[in-house]
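As the structure is a prediction and not an experimental result, all values here were calculated from the model. Naming convention: chains lettered A, B, ... in sequence-line order (proteins, then strands); numbering from 1 in each chain.
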Amino acid sequence: MRRRGVLVAAVAAAGVLGLIGLGSFAAGDRFPHPTHDGLFSEGCPTCHAGIAGGDRAAFYSATADLCGGCHDGTSAPRVELTTPARRPTTLVFDHQSHVGERGIECLACHRDPGATGAMDVARARPEACLACHEAPAHLDEQARCATCHVPVEKAPSVTAERMRSFPKPPSHGTPDWSRRHGTPAASGATDCSFCHDSGFCSDCHNPGTTPGFHPRNYLLRHADEAWNRDTDCSGCHSTEVFCRSCHLGSGRAQRAADLNAYHDAEPLWVLNHGRAARQGLESCASCHQQTDCIACHSAKSGWGIKPHGSWKPEAEGGSEAMCRQCHVQVPGD
Amino acid sequence: MNQARRMSTRVAFLGVAGLLLVSVASAQGIRGDLRIVGSYIEYRGLVRETVPESTVAGDGITRKLPDGTIVTCIPGGDCYYYRPDEVTSTTPVTEDLRFTAWPGWQGVSARVHLRGRMGSDAFWPQSSAKTQALNAYVEVDRERFRVRAGRQDKGGGLGVHYFDGGDVVWKAAGPFRLEAFGGRSLDRSAVQPRTGSLLSDVDVLAPDKPAFLVGAEARVRLAREFNGSLLYQREEMTDNAGVCSQRMALEASWIRRPVSVDIASNYDLVFSRFNAARVRLSGPISRRVDLAAEVRRYRPWFESWTIWGVFNPVGYGEGKLEAHWAAAPGLQLQLGGAYRDYDETEAGADFLPIDGDGWRALAGANWTRNEWSASARLNVHRGFGAYRSSLDISAGRQMGPDAWLGVYGLGTQQFTEFRFGDGSSRGAGVEGRWSRGRIGVDGTVGLYRHSIDNSPAFDDYTQIRGRLGLTVGFGAEAVTAQPGRGKERS
């Protein structure tokens, strides 16, 4: 009796599918769970016997014989049974502890939203996890990614292309994200490593040669940015090695340069260079060596012109190595 | 003592190198890429010219040659000026090999990033460092801790620092995460000890002793909305001759959708002064308009082996406002401006004022529709030291899933406060990228015309710049090649 019911249902399902032009399934088609509703008395384990016990090889346990019971070419069209390949994922979910040990029903996670049939199933959504695992919304910056995911570097099967297909946190879509991502990343507000490998950061933040951080043609017009430090150059570059070596090579910085030949728009540059230096000392150091300044400002070997302004070493500190460049007696000794 | 220290350093180095080799050799999984980038850049340097003072008419320090060139004269000596050198070219080439290997032991991996500059000429910065290891470390990452040993970098509120040593992270239960790190400190740009040739080539007072770095960071996550980190870092010369740097950074963000507040600051403990402090508030003011307001304080920071810090550099305060308007589907407009005001310098001559403030304005538009995209950006920046106004436009088309092709154009005017001559440049170029599986190619070539007004010694010249990159992914689960993920650098 039951067998006959199964047969009728299968024929009916096949007829419906035939009507909509899907008389047979091509390899790769998802199994139409709803149309098989009521056919399997044992429910999900009929085809997914290994789920509860964590036997990955038997996650898809249906056999061609099982399908062939109905899809024999007479009662229903023949079908080719294919088992889907395991999707590359960063998930750490295991069915055994949820289904086998805690007895959680399959539909608790796999019910298609809005559907009511016993086999209206769909891929589990993150919301299903959050129903038990207390957390803010999925992809929220405050969510603990580690509850369900491993960092992408620990999931080598997940390629960069696959990562790009994953949904992004809402913050990444805000217009100023490229400018403000540094603070959330540094403060630990986001678990960046779950979606980005360490190479991702260095694509832009790498010293030397990687294009990415600065806009196109930055070399042509970095001067005003450097003078005014809208971005803190010293976060990545050392003034000496990076700036000065290029300025030396191009002739902009010359050793033992005399007075103000380069700063030719300021006739009395010597009188006024102090103010410019106080405001833009990083730019000065991008061409000048310390010895250029020591020539006049050293108490040991120069003219002894005090460069400190209102800075008081006894109150504000300093480094002995630094003091000894110009002083025999370190202040405070 | 020194011999013992050298011995223990060697043992540690050999240990890490051995672990690296074992990890790589026995790797069950390995993933990485090789990227080769070659550029061709024409440029025109400067040459300092000298003429006897007696041959230059007039008196005083600043005089003019018959063609109008401004020269600086030393009475009784010579007159000096800068003229352009011949147009020449440079061909920087870099080879980057990056990979991560998993030996198959739980939580253990090895990461290596090697850079070569074989084929580069001598002009480009750091070209003399023909091979370099930017990263070479072994990592053990378990549920409660993470340990790294080898050459690594530490990024955070104080920028990026490279060192040879160890790093331990304790993922404490609850909202805390603690990290401690230390080892031989490396120069940020050169990624070599401060006693290395790259630094001594450009500064005769470069340290003659290497430095050690120690640091610690605490991170906390509270009330689902607040995150903060406090980082401390100290670099000291090995002979205790002085401190290279001693700094702290505080970073915090408070996010209550859709509003976020970011706070960032760093403090120089050597000079007892804040170098940077920034508060940024951003969020939508309507369904289509996002607004960001920022106040910022900035004062330059220098490593303490240099004398620059005692020259008492002053800082500035800045206010900034930016608005982003989603004007239509696919069309995003941007408008922004900032004003900064420098502190009193207590230096210079009052009758020779220089700018003590500055402002910038920005207007931009980005448009995308299907496979097409375009952008335009206008920048005006009037600041201390250098001014600029520029217009950039670009357009591109995605050519199927594997290729992208674009064109760009620019016009920019730039001049400096302390030199004669207003420079302007106009240019245009094409750029593109293509990838197929593990292989990617990207490149750009542009033509630029440069001119400098009011400086007779400088005639106009045309410059060609080009770059070609090749990326090859490898390993059992190779990363799909992503050439040119970022923007063009130069």
Worksheet item: Are the side chain of A:Arg278 and the backbone of B:Phe311 linked by a donor-acceptor contact shorter than 3.5 Å?
Response: yes
Worksheet item: Any donor-acceptor pair under 3.5 Å linking the side chain of B:Tyr342 with the backbone of A:Gly280?
Response: no
Item to complete: Give the member of B:Thr412, B:Asp343, B:Val314, B:Asp78 that has the highest number of heavy-atom pairs under 4.5 Å with chain A.
Response: B:Val314
Worksheet item: Got a salt bridge between A:Arg229 and B:Glu318, using NZ or NE/NH1/NH2 to carboxylate O under 4.0 Å?
Response: no
Practice prompt. Mind listing the closest non-hydrogen atom pair of A:His308 and B:Val310 along with its distance?
Written response: ND1-O, 2.8 Å
Worksheet item: What part of A:His297 lies closer than 4.5 angstrom to a heavy atom of chain B: side chain, backbone, both or neither?
Response: side chain
Discussion item. On a heavy-atom basis, which atom in B:Ala347 and which in A:Gly274 lie closest, and how many Å separate them?
Written reply: CB-C, 3.8 Å
Worksheet entry | Donor-acceptor contact present, side-chain B:Arg388 to main-chain A:Asp224, <3.5 Å | no
Worksheet item: Given a strict heavy-atom distance threshold of 4.5 Å, which part of B:Arg278 is in contact with chain A: side chain, backbone, both, or neither?
Response: side chain
Practice prompt. Would you check if A:Thr239 and B:Trp308 make a side-chain contact, meaning some heavy-atom pair closer than 4.5 Å?
Written response: no
Worksheet item: Side chain, backbone, both or neither: which part of A:Ser283 has a heavy atom under 4.5 Å from chain B?
Response: neither
Practice prompt. Rounded to the nearest 0.5 Å, what's the gap from CZ on A:Arg244 to CG on B:Leu199? Could you check?
Written response: 8.0 Å
Item to complete: Mind listing the closest non-hydrogen atom pair of B:Asp203 and A:Gln289 along with its distance?
Response: CA-OE1, 3.2 Å
Worksheet entry | Within-4.5 Å side-chain heavy-atom neighbours: A:Ser234 and B:Arg188 | yes
Worksheet item: Parallel, tilted or perpendicular: which describes the rings of B:Phe384 and A:Trp227, with under 30° parallel and over 60° perpendicular?
Response: perpendicular
Fill in: B:Asn312 vs A:Ser310 side-chain heavy atoms within contact, under 4.5 Å
yes
Fill in: Residue pair A:Leu220 / B:Leu410, side-chain heavy-atom distance below 4.5 Å
yes
Fill in: Part of B:Glu322 within contact of chain A (heavy atom distance under 4.5 Å)
side chain
Worksheet entry | Contact class of B:Arg44 relative to chain A, heavy atoms under 4.5 angstrom | backbone
Worksheet entry | Closest-packed option against chain A by number of heavy-atom pairs under 4.5 Å, given B:Asp141, B:Val47, B:Ile70, B:Val71 | B:Asp141
Response to the item:
So, the part of B:Ser425 with a heavy atom under 4.5 Å from chain A: the answer is side chain
Item to complete: Tell me, for B:Ile263 versus chain A, whether the close heavy atoms (under 4.5 Å) come from the side chain, the backbone, both or neither.
Response: backbone
Worksheet item: Are the side chain of A:Glu240 and the backbone of B:Val202 linked by a donor-acceptor contact shorter than 3.5 Å?
Response: no
Worksheet item: Can you tell if the side chain of B:Leu205 reaches within under 4.5 Å of the side chain of A:Gln325, non-hydrogen atoms only?
Response: yes
Fill in: Minimum side-chain heavy-atom gap A:Met322-B:Phe302 below 4.5 Å
no
Worksheet item: Do the side chains of A:Tyr262 and B:Leu46 get nearer than 4.5 Å, heavy atoms only?
Response: yes
Worksheet entry | Which of A:Gly309, A:Cys284, A:Ala276, A:Ser245 touches chain B most, by non-hydrogen pairs under 4.5 Å | A:Ala276
Practice prompt. Run the numbers on B:Tyr408 and A:Asn217 for side-chain hydrogen bond (donor to acceptor under 3.5 Å, both in side chains), then give the verdict.
Written response: CA-CA 10 Å; B:Tyr408 62 84; A:Asn217 282 308; 5.0 Å; no
Discussion item. Between B:Asp392 and A:Arg221, does any side-chain N to carboxylate O distance fall below 4.0 Å?
Written reply: yes
Discussion item. For a quick test of reading the model, state the closest non-hydrogen atom pair linking B:Gly45 to A:Arg252 and the distance between them.
Written reply: CA-NH1, 4.2 Å
Worksheet item: Any idea which of B:Ala292, B:Gly446, B:Gly60, B:Ser260 has the most non-hydrogen atom pairs under 4.5 angstrom with chain A?
Response: B:Ser260
Practice prompt. Between chain A and each of B:Phe123, B:Tyr298, B:Tyr43, B:Tyr387, count heavy-atom pairs under 4.5 Å; write down the option with the most.
Written response: B:Tyr298
Worksheet item: Which distance, rounded to the nearest 0.5 Å, do you find between the CG of A:Asp232 and the CH2 of B:Trp301?
Response: 9.0 Å
Worksheet item: Checking B:Ile307 against chain A: side chain, backbone, both or neither under 4.5 Å from a heavy atom?
Response: both
Item to complete: Mind listing the closest non-hydrogen atom pair of B:Val204 and A:Thr291 along with its distance?
Response: CG2-CG2, 3.4 Å
Worksheet entry | Which of B:Ala386, B:Gly159, B:Ala206, B:Ala252 touches chain A most, by non-hydrogen pairs under 4.5 Å | B:Ala386
Worksheet, complete the sentence: Taken in chain and number order and not counting sequence neighbours, the residues that satisfy disulfide (SG to SG under 2.5 Å) with B:Cys79 are B:Cys73
Practice prompt. With a 4.5 angstrom heavy-atom cut-off, could you sort out which part of B:Glu346 is near chain A: side chain, backbone, both or neither?
Written response: both
Worksheet item: Under 3.5 Å, side chain of A:Gln279 to main-chain N/O of B:Gly385, donor-acceptor pair present?
Response: no
